[in-house]
Structure formats: structure tokens, C-alpha cells
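First the structure, in the form of C-alpha cells, and then the observations on it.
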Amino acid sequence: MELTYEVAVDAPLATPLTYSQPAGRTTPIPAGCCVRVPLGRRKVIGYVLGPASLTDPAGAEPAFAVKAIAEVIDETPLFPQTLIPFYRWIARYYHHPLGNVLRTALPLAPTSRSGRRVSAKTRKTLTPGPVLLSPLQSGGTTEEVLAAVEYSLDGRLKNAEHKALSLFLDDLRSGGNRPVPRSLLLRRYPGAGPRLTRLVDLGVLCSVNERVYRDPFGQTPVFHPRPAQLTDEQQQVLEALLPAMDRAAFAPFVLFGVTGCGKTEVYLRLVEHALTRGKTALVLVPEIALASQLEAHFYSRFGARLAVLHSGLSDGERFDQWHNVLTGEARVVLGARSAVFAPLEHVGVVIVDEEHEPAYKQEDGLRYNGRDLAVLRAKMAECPAVLGSATPSVVSYHHCLHGKYTLLTMRKRVAEQPLPTVELVDLAATERSRPDLAFSDRLINAMAQTLEQGQQTLLFVNRRGFSSSMLCRDCGAILQCRHCQVSMTLHRSRNLLMCHYCGSTQHPSTLCPACGSPRLSGVGIGSERIEEEVRQLFPEARIARLDSDTTANRRHYLATLQAVRTRQVDMLIGTQMIAKGLHFPHMTLVGVVWADAGLAMPDYKAAERTYSLLAQVTGRAGRGADPGRVIIQTYQPSHYSVRLAQHHDYEAFFAQEIAVRRPLGYPPFSRLVNIRFSGLKEQQVAQAAGRVAEFLRRQYGNNQVDVLGPSPAPLVKLKDRTRWQLLLKSGSSALLQAMCEALLAEKAELCPRSVSMSLDVDPENMM
DNA sequence: AGCACGCCGACT
DNA sequence: GTCGGCGTGCTC
């Protein structure tokens, strides 16, 4: 009976394929191995999922000819078998081909087109050979060992060889009998090369290639000692969480704690507990900025048992980290969203820090949410999932109130620092001496004062400001759709306002519907422009900017933070990424340039994002002795997301937000799937979107699901491609799943190949 | 995805 | 006559 395998191939195929044992091979191939398989006339990469049966349940022969696996690329699996159900679930839930899911999950696997592989880095080291071993084992001084070697070789050692061996013995002792790198000896004795080679030939030394683990930590991170004493709140929270870990059953928790309440120590204790119970731990952070913050804490506590996985690593570093996890050497993984795929086994706790962060959502290819997958991993591993946040997502908090998740609260800041006072500046109501700039006099004066005192300022720019929405210059209202309560988008070319949820349009009225003012205009402020204005206002100040444009590489990011820490920077300007995790004792002023900019987004989550960003930015001040000052500029000081952020009142914000979403049936009262269409020909794209909408309405048009649209996407044209979208909204996740499956089955009939169609399940933003 | 096949327009 | 455009179908 011939062995056959189920193989997920690196091609957009809906199902795995069946292949047989490579010619001439007898041993079975373990699941998780990377192989090369024939597919049509080419060869592609595939992943072995396990044995396959050639007959279907009815006993029928397959209708295809089974081909043999061409090559086993790696004899050791790239991922543990236990994760296969996890990958299958993801493929099904996100409607993504399994082979492509695996390619996303295993970033270092070779691709079908490039055979380039990242390899282990090794170095040549030397260990004692057979001739040297027994004199070493009988102990004695270096001189005695050398004499014994000389004796057993009948005095065949030359002076230079004697010298090289003597240096080797020194290094061996000082290195605690670890293999001695050849390069180390060559540095001390440049001519040692041929001598060492001869010593190897004589059997005195042994040459070994040792794996080198490239150090992703750059310089050694700051050491954080383990605090002897926990706060009462930390104690209480752990009293709930540790027993849950001991029960070894799935249990989701939201750890709701204000900035600076000491959540990190809670995470560390949970991980410690997992390790002492022989389990492993998975810790996710939204982005690299926070990864480097937490890295130092985790590295201090767990050292070599820690692996980090994030986009800031080089391929080589990532390879090493992945393999450390795979071999079981690293038992704690700390990383960004893709670390949710880390090849850990026996996971004892899953932690997601800042769980509300939009950065957990991957916005291209496999559009997964790292936070949601983390919860799923915990479920499959039968362990607790801990979602930490100072501003939990509306959906997670809703689950807490309905008994789906357990809420744990930490209200006190560790050092009892008071939260800073937050001042709102109403941009619409205040006179400005520089109306040409984005700054009010109050903020300019505060910046000047801070600069004079030698303290630092942080300026937060909500870069999501969208230049084509309409803002009232008098009351700050943003024009919204009457049906969807999302902002209308201005289409300059056609001169009309459109809702990108439902597609309805309205003429750009010359008067503000809220206050009747005629002063309406399109708006948008980015961090580059702010930097320019600040340089103009304070030419003598030292200014740095951090945003996704300037932070493509981690070295620059870390260097900028270092410059701020050593007070070589007076003013730091940045976007979201500077809003969290960072704390600088001399940063006494935090300014928010335009707090309500995010409210202009055509997105039902706009208020939630605004609240959490403001709450986070606010937490950045007052970390040192000085409580700090926060100035928030806004056109909408009375909007609940701005007003309640000022008072650090999450519960009130949640209540308001839920009251808005309930009647509109947005999550958590429904699930969404956004179907995106794009293509080079406008007509084809619009037509395909229309046909799909018609198909779904005909098949499923009842009151259990809303099919909204189709409508042009907010960025209708991107890189010459026209984009349309169709939004599905339903209380039934199963119904949405069935609709998407039916749609994909009919895709060929509804949507030509020149139009690409992709599904975004649980969309995070609608752009 | 990638690679075949197949069916219509302007070229040696 | 045929070279080559890209719409469509299939891959164990």
C-alpha cells in the first residue's frame, strides 16, 4: 500500500491536494514538513498536513492521477502538527486558501519562485580532540596537560603548535569548557590558522560548526529586577488568573487597567507561572514600538527562554528565533500579530496587550486579526486568554458585561501618580494669532514655556485626518450620512458627497446642517506639515518626528527614542505609534493637534478610536515627578469621545458608544464582512460588484442579513485601480460564512478575472 | 498564482 | 497566411 499525503500547496487553491511518497523513499514524511511538489507543469512549495486516503468516504476511486512528491526540502517539520487545526480554522473563517495561510504563518519558508532560503548562521569552533581528552579529564595545570599531550604524541609538537594549543586551553578554561571560536584564537595569535589545522589532524583538537544565535536585542536591554512586592491590585488580579491557568481550560479575561497600573508585572507573573507548570506562553503586542518596551522586561525575567518575533528583525534573526521556539529552547514568545503563529506547543497562557489596537488587524493578503486568533489559540490550547487594555475594545468589553469574558479591573497607578490635568481648546471658538497654522495660542505658549524650562514636548498628530471630508469651521461638525452615521466623503471630480457604506449621495450643501454656517471646507492635517509649522514657530528647538514614514527601520526608531531619552530632542512629533508605551520623565507637555480628526473617517469605529487614542496620549504625560500638562485641540469639545477622554471615563464612553451602535446594528450587535473589488477598468469593477450584490440579495435577501451597497470604496482610485465595496452585516456569523462560501463557489460566473475580489471578515477599517 | 489553450486583429 | 493580445480553465 503506497503512502499518500495531504499537501497544502503554495497556490490559491481552495483545498489541499493529494501526493504520493517520493520515488525510492521508504520512511514516512512527518506532518509539518516543507516539500516541493509538481503542480501542472511547474513545481511549487507545499506543506505536508498528514496522511491522505485515496478513496473518499463512499469508497470511490479519485478522479485524478496522484503525482509523487518531488523533494522533501526539510526533514524536520516547520511547525508542530498540533497547529494544523488552527491553520484550517483560519483558512475557513477568513476564506483564504490554506497554502497561502501557511505562507503567511511561516514567513521564512522558501517560496515557490525564489529558492532562496534563510539559513542558520554557524561559526567554526574547536573542542578538545581524543588525544587531549584524557589529560584534561585527569585534571592538572595547563603545563601538565601540555606535557601529557606532548608525551602521547612522542614530542611531535612544534613550538608554534604548542603556543596555539596553550592559548586554546586558556580560552577553554576561561569560557567554562564551552567550544572555543576559531576566530577568537586567530585574533590573539594571527598565525594560528595552519597550527590549529594540524592539531585537528593530530586528533588533539576537534573542529565543530556551532549554531550562532544572532542577537535581535541589539544592545543588551536594560535590566528590570523582579519586584519583591506586588500591589494589592496586582495580587487580586493574579488570584483570579493563576487558578484559571491551573484549571487548564479555556477562559477569556479582559484586564482593564489604567496606564501605569502595573499590567506588565501581571503578565510577567502569568508567564512565570506557565513556565513553572511546564507550559509555554504567548504574548502579543500591537507593534514593534511596544515590543521593544516589553522586550526589556521579559528579557530580564526570562533570558534565553524568550524569543521575540516582529517586523524589526532581519530574516536571519527571525529564523533563529523561530527555531529556538521550534526546538523548545525558547518557551516564551513575545511579538507582534504574526507571532500568533509561533510554533509553540503546550501553551499555558495567551496574553494580548493593548487588545483594542487596530494594528492587530493585517490589512493585506490574509486579513486576520491577531487578537482574535490569539483568543482562538487559547481556546484550542485549553488555557486562559488575557486581553489587557486601558481602553478595551467596545466588543471585548461588551462580552464582559454579557458573561462571555471575565472582567478584571486595575484602577490605581503604581506610584500613585495622579493622572494629568487635561485641557481642551475649542478651535472653533477661540481667536488665534496664527490662524494660518494648526496651533492655538494656548498650545504655542505652553510649548514656548516648556522649551524655556528645558523640558520636552510631545505633539500628537492624528494622521488619519482625511482631506476629503467636510468640516464646519464654526461648529466643527463633520457632515454625516443620515442612514449610517459615518462621515460623507467629498468627491471633488463629481462635486457631490457620498456615503461609502450605503452609497447614498447628497449635494454638498453650502450650509452646515448643524449650525447653519456657510463656512464649510475640506480638511486634513498630516505630521509632515505640523513639523514644518513647529520649525517655523521655534527655529531654535531640536525637533524629531516619528511616524510610519520615518520608522521603516527599527534602528532609526530606536535611535530617535534614544535621542529623546538623552534630551537631545526638545519636541517630538508623531502619530499613533508614539501614543503608547513610551514614557520620558522630562516630557511634561503633551499636545494633541486635532483630536477629532479621526471622527472624519467614514467608519463606525471612528469614535472608539478617537477615545482610545486620546486616553493613551493623555497617559504619556506625568510620568516623572511633575504631573504634566495635556492640551487637546479640537473642533468638537462636546463630542462624547473627546469629552469623556478628558475625564478618563471609559465606562461612560462605552455606554454612549453602545447606545449609538445598538440602533444601527453595528458590532457587537452584528458581524461584518466587507467584500472588496478592484480592477483597472472602472466599468468592469462596478459591474462585478453589482452582480455580486444582486446574487447575494437574491439568495439571502431576508431580514437576517443586510447587504449594503455596492458603493465606491473611500479611496476610489488607488494606484490606477478602481475600488468598490459591498458590506454584509448580520447577527449570524454562520449565515455570513455560508454566504461567503456560496459567493466563492460562484465567483467565476459573477466576477471576471480582470476584477479582483477579496473578502475582509471583521473589517477593522473601511478604507 | 502560473501556465496552457483558444480565439480574434495587424503585420512580415 | 501567422504572431501575439488576454479571457478562461486547471492544477493531486
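Convention: sequence-line order gives letters A, B, ...; per-chain numbering from 1.
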(message) For a quick check of understanding: with a heavy-atom distance under 4.0 Å over all strands, which category does A/A52 fall into, base, sugar-phosphate or nothing?
(response) nothing
(request) Select one nucleotide: of C/dC12, B/dA4, B/dG2, the one nearest the side-chain heavy atoms of A/R41. (result) B/dA4
(request) Quickly work out the A/R753 CZ to C/dG9 C1' distance and round it to whole Å. (result) 7 Å
(message) Quick check for you: among B/dA1, C/dC10, C/dG7, whose closest atom lies nearest to any side-chain atom of A/A11?
(response) B/dA1
(message) Taking any heavy-atom pair under 4.0 Å as a contact, classify A/P16: base, sugar-phosphate, or nothing.
(response) nothing
(request) Let me know the distance between CZ of A/R36 and C1' of B/dG2, rounded to the nearest Å. (result) 15 Å
(message) Between A/E741 and A/R92 (salt bridge meaning N to carboxylate O under 4.0 Å), is one present in this structure?
(response) yes
(message) What is the distance, to the nearest angstrom, from the CG atom on A/L17 to the P atom on B/dA1?
(response) 16 Å
(request) Calculate the interatomic distance between A/Q684 atom CD and C/dC6 atom P; express it in whole Å. (result) 12 Å
(request) Would you kindly give the CD-to-C1' distance between A/E6 and C/dC12, to the nearest whole Å? (result) 11 Å
(message) Could you tell me how far apart A/K43 (NZ) and B/dA1 (P) are, to the nearest whole angstrom?
(response) 22 Å
(message) From CG of A/L13 over to C1' of B/dA1, roughly how many Å is that when rounded to an integer?
(response) 9 Å
(request) Describe the nucleic acid contact of A/F64 in one word from base, sugar-phosphate, nothing, applying a heavy-atom distance below 4.0 Å. (result) base
(request) May I ask you to decide if the ring planes of A/Y87 and A/F341 are parallel, tilted or perpendicular, using 30° and 60° as cut-offs? (result) tilted
(message) Assess, by modelled atom type and distance only, whether the side chains of A/E355 and A/S393 contain a donor and an acceptor separated by less than 3.5 Å.
(response) yes
(request) Give a yes-or-no answer on whether the side chains of A/S732 and A/Q704 include a donor-acceptor pair shorter than 3.5 Å. (result) no
(message) Tell me the interatomic distance from A/L49, atom CG, to C/dC12, atom P, rounded to whole angstroms.
(response) 16 Å
(message) For A/E382, is there an ion pair with A/K279 - N to carboxylate O distance below 4.0 angstrom?
(response) no
(request) Select one nucleotide: of C/dC12, B/dA1, C/dG7, the one nearest the side-chain heavy atoms of A/K67. (result) C/dC12
